[in-house]
Amino acid sequence: MSLYKEWTEGLEAIKTREDYDNFFKDYMGKEEACYKKILEAKNPVIEGKIKELAEVNNMTPLEYIGFLDGANTSFKEGLVLDDLTEDSEIRAEFDFEKLLWNMYDAKAEWLYGMKEWENIFDEEKRKQIKKEYNRSKMVVKGEKPGRNDPCPCGSGLKYKKCCGK
């Protein structure tokens with residue numbers, strides 16, 4: 001069985017809220033430490049065997065797969081997680097802008113608020129990424145058609161006789 005399948009089945013097996021909270025409290029601390037190492041080193045590339053990378057980051061291979069699962073959308077090229085075992089060699093490169101964006105999207109303040117981001121982007125650049133993220137989440141309502149305007153669905157009828165009923 002692949003590590004990723006074990007990881008997802010393990011998460012699904014958590015039954016109580018207390019177990020869930022305890023599991024993620026422990027896991028998120030390890031995840032944060034892993035990101036700190038990456039940002040401090042200013043090295044966007046992760047490479048090596050899963051079990052060795054996990055060991056270096058004080059994680060189990062299963063937890064490291066969880067880390068890769070969360071980080072996968074921030075890599076320049078995503079990994080195929082279903083194929084990975086403890087002995088799999090990986091090479092993945094972070095897109096730091098995408099990583100910061102995804103941390104905002106995940107509402108992971110403990111991650112996007114880390115001082116280690118100062119090693120990667122200056123304050124102005126971080127503010128710009130945050131502003132772009134906020135803009136992407138704005139909902140802009142279009143003007144509602146008037147009763148006698150043509151219906152926007154393209155039927156050729158007036159709005160009041162078509163979708164406006």
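These values consider heavy atoms only, across backbone and side chains, with no hydrogens, waters or symmetry-generated copies.
Taking the side chain as every heavy atom from C-beta outward, Ile90 and Leu68 approach each other to under 4.5 Å. Side-chain contact check for Phe23 versus Leu11: some heavy-atom pair is nearer than 4.5 Å. Taking 4.5 Å as the limit, some side-chain heavy atom of Leu99 sits within range of a side-chain heavy atom of Tyr35. The closest side-chain heavy-atom distance from Met59 to Tyr27 is below 4.5 Å. Side-chain contact between Ile46 and Phe94: present, with at least one pair of heavy atoms (C-beta onward) separated by less than 4.5 Å.
Between the side chain of Asn22 and the backbone N or O of Glu18 there is at least one donor-acceptor pair closer than 3.5 Å. Checking side-chain atoms of Trp117 against main-chain N and O of Leu111 turns up a donor-acceptor pair under 3.5 Å. The backbone N or O of Trp101 sits nowhere less than 3.5 Å from a side-chain atom of Asp105 that would complete a donor-acceptor pair. Distance alone, capped at 3.5 Å, places no donor-acceptor pair between the Asp19 side chain and the Lys15 backbone. Remark: side-chain polar atoms of Asn72 are paired, donor with acceptor, to backbone N or O of Leu79 under 3.5 angstrom.
No more than 12 heavy-atom neighbours from other residues, nucleotides or ligands sit within 6.0 angstrom of NZ on Lys127. Counted within 6.0 Å of NZ on Lys98, heavy atoms from surrounding residues, nucleotides or ligands total more than 12; the atom is thus considered enclosed. For Lys160, the NZ atom counts as densely surrounded, since its 6.0 Å shell holds more than 12 non-hydrogen atoms of other residues, nucleotides or ligands. A 6.0 Å sphere centred on OH of Tyr20 holds no more than 12 heavy atoms belonging to other residues, nucleotides or ligands. Summarising the local packing, CD of Glu123 is surrounded by 12 or fewer heavy atoms from other residues, nucleotides or ligands at distances under 6.0 Å.
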(request) Determine, stepwise, if the pair Leu84 / Tyr64 fulfils side chain to side chain contact (heavy atoms under 4.5 Å, CB included). (result) CA-CA 11 Å; Leu84 299 178; Tyr64 199 75; over 6 Å; no

(message) Show, in sequence, the C-alpha distance, side-chain angles and deciding distance for Glu97 and Phe121, and conclude whether the side chain to side chain contact (heavy atoms under 4.5 Å, CB included) test is met.
(response) CA-CA 9 Å; Glu97 278 192 41; Phe121 300 122; 3.6 Å; yes

(message) Does Met103 form a side chain to side chain contact (heavy atoms under 4.5 Å, CB included) with Tyr133? I'd like the steps, not just the answer.
(response) CA-CA 10 Å; Met103 288 177 175; Tyr133 167 75; over 6 Å; no

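Note on Glu55 versus Lys51: no salt bridge recorded, every NZ/NE/NH1/NH2 to OD/OE distance being 4.0 Å or above. Taking the charged nitrogens against the carboxylate oxygens, Lys30 and Asp26 do have a contact shorter than 4.0 Å, which makes a salt bridge.
Put simply, the residue from Lys130, Gln128, Arg135 that forms a side-chain hydrogen bond (donor to acceptor under 3.5 Å, both in side chains) with Glu132 is Gln128.
Among pairs with a residue in residues 111-122, none fulfils salt bridge (Lys or Arg N to Asp or Glu O under 4.0 Å), at least two apart in sequence or across chains.
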